[in-house]
Amino acid sequence: MAYALHFPRSFEEAFRLLDPQGQPPALPLAGGTDLLPAVEAGRWHPGALVSLSRLPLATFERAGDEVLIGGTLPLRRLEREPAIGELLPGFAEALREVGSVPLRHRATLGGNVVRASPASDLLPPLLALEASLDLRSQHGRRRVALVDFLRGSWETTLQRGELVERIRVPVPRPGSYRWQRVRPANDISQVGVATALVTSDARSPWRIAAGGMESHPQRLSGAEAALPQEDPSPGEIEEAVHRAREGTRLKDDRRAGEEYRRHLLGVLLRRSITSTVERARSMKGRRT
Amino acid sequence: MTGEPPLTLRVNGEERTVPEVAADTRLLDLLRWRLGLKGTKEGCRTGGCGACTVLVNGESVLSCLTLAREMERQEVTTVEGLTGTPEAEAVQQAFAEAGAVQCGYCTPGFVLALVSLRREHGASPPDLPTLANELGGNLCRCTGYYAIVRALADLLGVPVTSELPKSTFTVEPGGSP
């Protein structure tokens, strides 16, 4: 289990240490809340851990109609940014449900995104918010939409030697996140549903994504298409719920059976839509 | 462990240099076995119980999920470091009045979690269900949550008007309906 531990002070040094050809591989260490137990349990055998703590990645910035969240910004700091609660209320309520406060003092958004856990509470809202990622490696930078970045449970298109520099989220966007778990705190969600509203789209202003599926969290485009207007009728909501339930393959494991998850998906979607409609009303006038 | 570099950090207000700290040493093990500060408890060692909570630069952190060498030049506070401070006296009094200690194993972690929340929220604490949720990362296997949440409420001046809301301790789907 012995590995080397490095603290690079520049990106150049970090990329050299994260050499994609290195064997055994060097892994970037952000908050470590997921990586360290995995290494200790023997699931990974890195030759080195490259701490990102000395790199200028724990940043937060509002730039025009986006917020730019640095890859190693601790989740608790993000959650306490007034701009997040004000501009992205659905994302704010999902942030409060990750792990616990002491865990969120170190866990980072970049780490949560690259792990691509099927049960992540942050990926459904980020998908519904149409977030994108700025990735950086020794070859330069690339931008990729989150929806294209996620490839499966625990699978992304992140290359070895590549870091998440920033997560970009458009603002302001009314939205909400609803979840169910066995214990209210410090547990993993069985199903999580995020909804958000965009300002202009001829097809539907709704963006819907869910976790607890057979694979990674995903957009539910069939359900979105059932909601042609911002303030949907009860019939339209029921049609969206119907399409979400019918068109989705859900996980079936010790945390919850597939049928129970299907039931939850419908209940949570209905509640999330209702909450987002209310928030859209109270955010009116502040939206671009 | 020969050849490993020394580590310099501040622990409970004092600069300490610990020789030969291996890369994979956790802050928890450094505190308990290299510095003899056994007030910090080991529970699950996977971030699920909060028994090992300490403060790093004033914020609650799980010392089992933190590499010791990440703490170079950082300020670490354990339960021993609170002894005799006005903050500790306030927490002790709140715990005593609420009857929030049973076997005591989880208590250091709870105390540091409480101190961190009190510093973060200052004069504008959130409502009681939110506070209770923010303590959710600390487990008490004597089932003493009611008294511990009460101690936190008293400490932050949050009124406990009647019984704590049932939803604080039972499972409801996330957020308000």
Side-chain angles (χ1 to χ4, degrees), chain A residues 1-7 29 31-41 48-49 51 53-54 74 76-77 80 89-90 93-94 96-97 99-107 121 176-187 189-193 264 267-268 270-272 274-275 278, chain B residues 1 4-5 21-27 44-50 52-72 74 109 112-113 116-117 120-121 126 129-139 145 167-177:
Chain A
M1 188 178 90
Y3 45 80
L5 179 61
H6 303 290
F7 295 91
L29 171 68
T33 53
D34 200 69
L35 179 64
L36 296 177
V39 171
E40 188 159 290
L49 297 182
S51 169
S53 60
R54 309 288 196 267
R76 180 68 169 173
R77 271 176 54 198
R80 291 179 60 78
E93 68 193 341
R96 291 193 289 269
E97 301 308 331
S100 63
V101 171
L103 185 119
R104 297 202 295 279
H105 276 138
R106 287 193 67 80
D121 285 304
S176 69
Y177 182 62
R178 291 291 178 268
W179 48 265
Q180 173 70 310
R181 348 174 135 156
V182 174
R183 291 174 292 158
N186 210 14
D187 197 3
S189 297
Q190 296 160 320
V191 173
V193 178
L264 288 176
V267 171
L268 299 172
R270 207 177 279 121
R271 290 182 183 182
S272 181
T274 308
S275 166
E278 279 167 23
Chain B
M1 291 215 302
E4 301 285 359
V21 176
D24 60 3
T25 302
R26 306 295 178 89
L27 176 58
C44 68
R45 210 176 167 81
T46 54
C49 79
C52 69
T53 304
V54 298
L55 304 183
V56 173
N57 303 326
E59 292 183 334
S60 59
V61 156
L62 300 168
S63 63
C64 77
L65 295 187
T66 304
L67 290 181
R69 278 172 48 194
E70 288 269 32
M71 295 297 103
E72 182 83 40
Q74 310 296 304
L112 291 159
S116 178
L117 288 175
E120 270 186 335
H121 291 306
T130 305
L131 275 177
N133 185 274
E134 289 190 334
L135 268 187
N138 290 74
L139 301 188
Y145 297 115
S167 62
T168 305
F169 302 106
T170 57
V171 183
E172 309 253 342
S176 51

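Just so we're on the same page: letters track the sequence lines, and every chain starts at 1. Values reported hereafter were calculated over all heavy atoms of this structure, with side chains retained and with hydrogens, waters and symmetry mates removed.
Interface residue A:Leu49: only side-chain heavy atoms are found under 4.5 Å from chain B. When heavy atoms are compared at a cutoff of 4.5 Å, B:Leu67 approaches chain A by way of both its backbone and its side chain. Contact annotation for B:Thr130: neither backbone nor side-chain heavy atoms come within less than 4.5 Å of a heavy atom of chain A.
No other option in A:Arg96, A:Arg106, A:Arg104 has as many heavy-atom pairs under 4.5 Å with chain B as A:Arg106. The most heavy-atom pairs under 4.5 Å with chain A, out of B:Ala23, B:Cys49, B:Gly136, come from B:Ala23. Between chain A and the residues B:Glu70, B:Glu134, B:Arg69, the most heavy-atom pairs under 4.5 angstrom are made by B:Glu70.
In terms of modelled atom types and a separation under 3.5 Å, the side chain of A:His105 and the main chain of B:Ser60 share a donor-acceptor contact.
Using a cutoff of 4.0 Å between basic side-chain nitrogens and carboxylate oxygens, A:Arg54 and B:Glu72 are not scored as salt-bridged. Electrostatic pairing of A:Glu40 and B:Arg45 counts as a salt bridge here, judged by a charged N lying under 4.0 Å from a carboxylate O.
Qualifying side-chain contact (heavy atoms from CB on, under 4.5 Å) partners for B:Ala68, counting only residues two or more places apart in sequence or in other chains: B:Leu7, B:Val21, B:Thr25, B:Leu30. Residues satisfying the side-chain hydrogen bond (donor to acceptor under 3.5 Å, both in side chains) test with B:Asn138, not counting sequence neighbours, are none.
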